[in-house]
Amino acid sequence: MSQPQTAITPTRDADFPEWYQQVVKAADLAENSDVRGCMVIKPWGYGIWEAMQRGLDGMFKATGHKNAYFPLFIPLSYMAKEAQHVEGFAKECAVVTHHRLESDGKGGLRPAPSAELAEPLVVRPTSETIIGATYAKWVQSYRDLPILINQWANVVRWEMRPRVFLRTAEFLWQEGHTAHETKAEAVAETEQMLGVYATFARDWLALPVFTGEKSAGERFPGAEQTLCIEAMVQDRKAIQAGTSHFLGQNFAKASGIEFLSRENKKEFAWTTSWGVSTRLIGTVIMAHGDDDGLILPPRIAPAHVVILPIVPKPDMRDSVFAACDALAAQLRATIFAGEPIRVEVDKRDLTGGVKSWEWIKKGVPVRVEIGPRDLEKGTVAFARRDRGHKEKTFPTNAELLASIATTLQEIHDTLLARATTLRDTHTVKIETREDFVKFFTAKDDSKISGGFALAHWDGTAETETEIKEQLKVTIRCIPADAPAEDGPCVWSGKPSKRRVLFAKSY
RNA sequence: CGGGGCGUAGCUUAGCUUGGUAGAGCGCCUGGUUUGGGACCAGGAGGUCGCAGGUUCAAAUCCUGUCGCCCCGACCA
């Protein structure tokens with residue numbers, strides 16, 4: 001039977017959103033559940049999340065944070081404490097109103113009217129309010145500050161149009177919540193954590209990102225300042241990969257986080273919050289995947305290496321399996337990026353081609369085949385996911401063991417270089433409204449247009465809104481390293497002090 | 001919540017216009033031949049056609065209602 005040219009149909013060029021869905025399926029990452037908008041994350045997908053957690057958690061600890069856990073439920077009245085915040089989240093909250101079920105008399109169940117809660121509970125869309133209320137009890141003196149806490153949790157936002165990993169009703173994330181004595185300290189914390197995210201994106205996800213500040217229109221509800229990292233994926237759209245918010249004293253005032261200062265005066269604390277979510281998995285898929293499926297940056301791959309035993313005759317099975325297990329053990333004793341190499345030996349009784357293609361689609365960085373011919377020669381067949389699927393080399397076991405860590409690092413570097421080239425190729429300075437419109441208008445059926453535009457903005461919400469409505473283009477961020485530069489706004493022609501980053505986004 | 005589309009086996013679907021009691025491909029199971037890039041042969045399991053009502057001798061097919069899902073918008077990590 002003839003196979004298609006690529007493992008994934010359609011290709012990225014033909015239909016990028018559909019390609020994405022097919023990769024999620026082919027790589028066995030996740031599936032939609034019976035609950036609309038909620039996903040089942042399967043072992044391979046969850047393994048990626050676990051690797052991301054390890055990486056981030058280490059970086060949080062290294063910057064002085066500790067993990068804790070706060071309740072899933074938030075009293076309704078807490079949500080109302082911060083005006084901007086409630087306005088931003090009210091429309092997408094799941095609310096618990098009852099605590100018992102009873103028979104409906106028709107063989108089904110219903111919430112018992114007698115068990116209605118005095119105060120409804122909101123399933124957390126984010127935890128600023130409940131954590132703020134807790135911190136208020138913990139803080140009395142400047143000596144109680146700073147509080148540097150992170151929690152790994154799930155949150156619920158009742159999204160109208162869900163998409164696996166990118167936008168689901170329930171998602172997994174981490175949310176850091178800190179409280180500080182001074183504004184300067186809180187601002188420094190906000191910037192520090194954005195830096196952590198940018199480093200993590202580069203060193204673990206092989207993603208170059210723009211860092212910067214959101215415009216007022218794109219800011220987190222209740223924040224004074226929202227910083228973000230923005231990545232470009234292969235359809236040249238932007239995706240917000242992480243955010244860090246300076247919350248000023250807004251939430252401290254709303255929650256009553258007050259302390260006696262060194263001058264013996266009552267003062268409100270300065271707070272921050274910062275988070276990344278399982279959306280990062282979707283970002284990695286779209287940034288690095290190809291028409292044969294997922295390609296995983298090694299540091300977040302649940303398995304770095306898969307070993308495929310080749311067993312032409314049943315009587316060779318034991319010796320080939322033994323050789324595979326022996327090599328796996330040696331690989332596991334080798335260190336890559338500070339962790340033992342993760343190896344899987346795929347002993348399932350399937351034909352070689354099927355197994356190979358499964359692992360290609362799953363994006364495992366390195367595939368190793370061991371058959372009887374290799375046993376005789378002491379070699380293996382070796383293939384890397386960042387190269388063509390027919391490109392094989394035949395190193396000896398010793399050569400493989402000596403080079404594997406370097407190879408994995410090379411794969412990471414290759415992915416980062418590719419993603420950087422993609423981003424740089426499609427990030428352009430634009431001066432005129434005509435060019436701006438042209439840049440964001442698709443030229444053919446692919447629907448892929450533009451990329452990132454660095455252009456002058458007059459700083460008004462009116463201009464921002466007009467651009468959003470007419471072109472579906474938003475200000476992704478005001479880049480942190482943008483130099484002061486006078487010029488006319490690309491839309492209104494009014495004077496501008498510096499360029500901002502425009503793009504279509506997820 | 002507006003506009004469009006669709007519900008038939010685990011998945012993709014044919015059949016519906018013109019009613020006669022369900023077929024295929026993939027997947028799955030068993031046996032055998034295979035296995036260094038998506039194998040083949042033989043046999044087998046699996047469906048109250050989303051749900052409820054109506055018309056009819058007879059409904060996957062026609063009618064009404066209802067539920068769910070998908071796509072496009074508004075919202076968003």
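To find a chain, count down the sequence lines: A is the first, B the second, and so on, and within it residues start at 1.
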Same-atom distance ([atom1]) from [N] to [M], integer angstrom:
| N | M | atom1 | answer |
| --- | --- | --- | --- |
| B:A60 | B:G19 | P | 14 Å |
| B:G47 | B:G4 | C1' | 30 Å |
| B:C49 | B:C62 | C1' | 15 Å |
| B:G46 | B:A24 | P | 14 Å |
| B:G3 | B:A59 | P | 34 Å |
| B:C29 | B:U13 | C1' | 23 Å |
| B:C1 | B:C16 | C1' | 32 Å |
| B:G65 | B:C70 | P | 24 Å |

Subject >> Backbone of A:Cys38 reached by a side-chain donor or acceptor of A:Ser33 within 3.5 Å >> reply: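 Side chain of A:Ser33 to backbone of A:Cys38, a donor-acceptor pair under 3.5 Å: yes, one is there.
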**OP:** Between A:Pro314 and A:Ile8, just flag the one whose closest nucleotide in RNA chain B comes earlier from the 5' side.
**Re:**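 By nearest-heavy-atom nucleotide position, the 5'-most residue is A:Pro314.
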**OP:** Nearest-nucleotide wise, let me know which of A:Glu218 and A:Val35 is further upstream toward the 5' end of RNA chain B.
**Re:**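 Upstream on the strand: A:Val35.
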Assess, by modelled atom type and distance only, whether the side chains of [X] and [Y] contain a donor and an acceptor separated by less than 3.5 Å.
| X | Y | answer |
| --- | --- | --- |
| A:Glu464 | A:Ser215 | yes |
| A:Glu466 | A:Trp491 | yes |
| A:Arg124 | A:Thr126 | no |
| A:Thr190 | A:Ser244 | no |

Checking all strands, does [X] fall into the base, sugar-phosphate, or nothing category for heavy-atom contacts under 4.0 angstrom?
| X | result |
| --- | --- |
| A:Arg317 | nothing |
| A:Thr168 | base |
| A:Ile239 | nothing |
| A:Gly371 | base |
| A:Val311 | base |
| A:Leu308 | nothing |

**OP:** Examine A:Tyr135 together with A:His177 and report whether their ring centres are nearer than 6.0 Å.
**Re:**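 Ring centres of A:His177 and A:Tyr135 not closer than 6.0 Å.
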Original post:
Tell me, for nucleotides 70-75 of chain B in 5' to 3' order, what letter each nucleotide earns: B for a base near a protein heavy atom under 4.0 Å, S for only sugar-phosphate near one, - for neither?
Top reply: SSSBBB
Original post:
Hey, can you pull the residues of residues 276-295 of chain A with a non-hydrogen atom under 4.0 angstrom from RNA chain B?
Top reply: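 The answer is A:Ser277, A:Arg279.
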**OP:** Would you indicate whether A:Trp158, at its atom CH2, is surrounded by more than 12 heavy atoms from other residues, nucleotides or ligands within a distance under 6.0 Å?
**Re:**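 No.
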Original post:
Is any side-chain N or O of A:Lys392 under 3.5 Å from a base N or O of B:G36, one able to act as donor and the other as acceptor?
Top reply: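 Answer no: no donor N or O sits under 3.5 Å from an acceptor.
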**OP:** Would you check if A:Trp357 stacks with the base of B:G37, given a 5.5 Å centroid limit and a 30° plane limit, both strict?
**Re:**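 By the stated criterion, A:Trp357 and B:G37 do not stack.
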**OP:** Quick one: look up who B:U48 pairs with, Watson-Crick or G-U, both distances under 3.5 Å, and put none if it's unpaired.
**Re:**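 Partner of B:U48: none.
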**OP:** Under a 3.5 Å limit for both distances, which nucleotide forms a Watson-Crick or G-U wobble pair with B:C62, could you say?
**Re:**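 In the structure as shown, B:C62 has B:G54 as its Watson-Crick or wobble partner.
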**OP:** Please determine if a side-chain N or O atom of A:Thr351 lies less than 4.0 Å away from the OP1 or OP2 oxygen of B:U34.
**Re:**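 Result: no.
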**OP:** Examine A:Lys362 relative to A:Trp359 and say whether NZ or CZ is less than 6.0 Å from the centre of the six-membered ring and inside a 45° cone about the ring axis.
**Re:**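 Flagged: A:Lys362 positioned over aromatic ring of A:Trp359.
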**OP:** For residues A:Trp357 and A:His389, determine if any side-chain heavy atom of one lies less than 4.5 Å from a side-chain heavy atom of the other.
**Re:**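 Yes - at least one pair of side-chain heavy atoms lies under 4.5 Å apart.
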Original post:
Would you call A:Asp290 and A:Arg12 a salt bridge, taking side-chain N to carboxylate O under 4.0 Å as the test?
Top reply: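 Looking at A:Arg12 together with A:Asp290, the answer is no, because their closest N to O distance does not fall below 4.0 Å.
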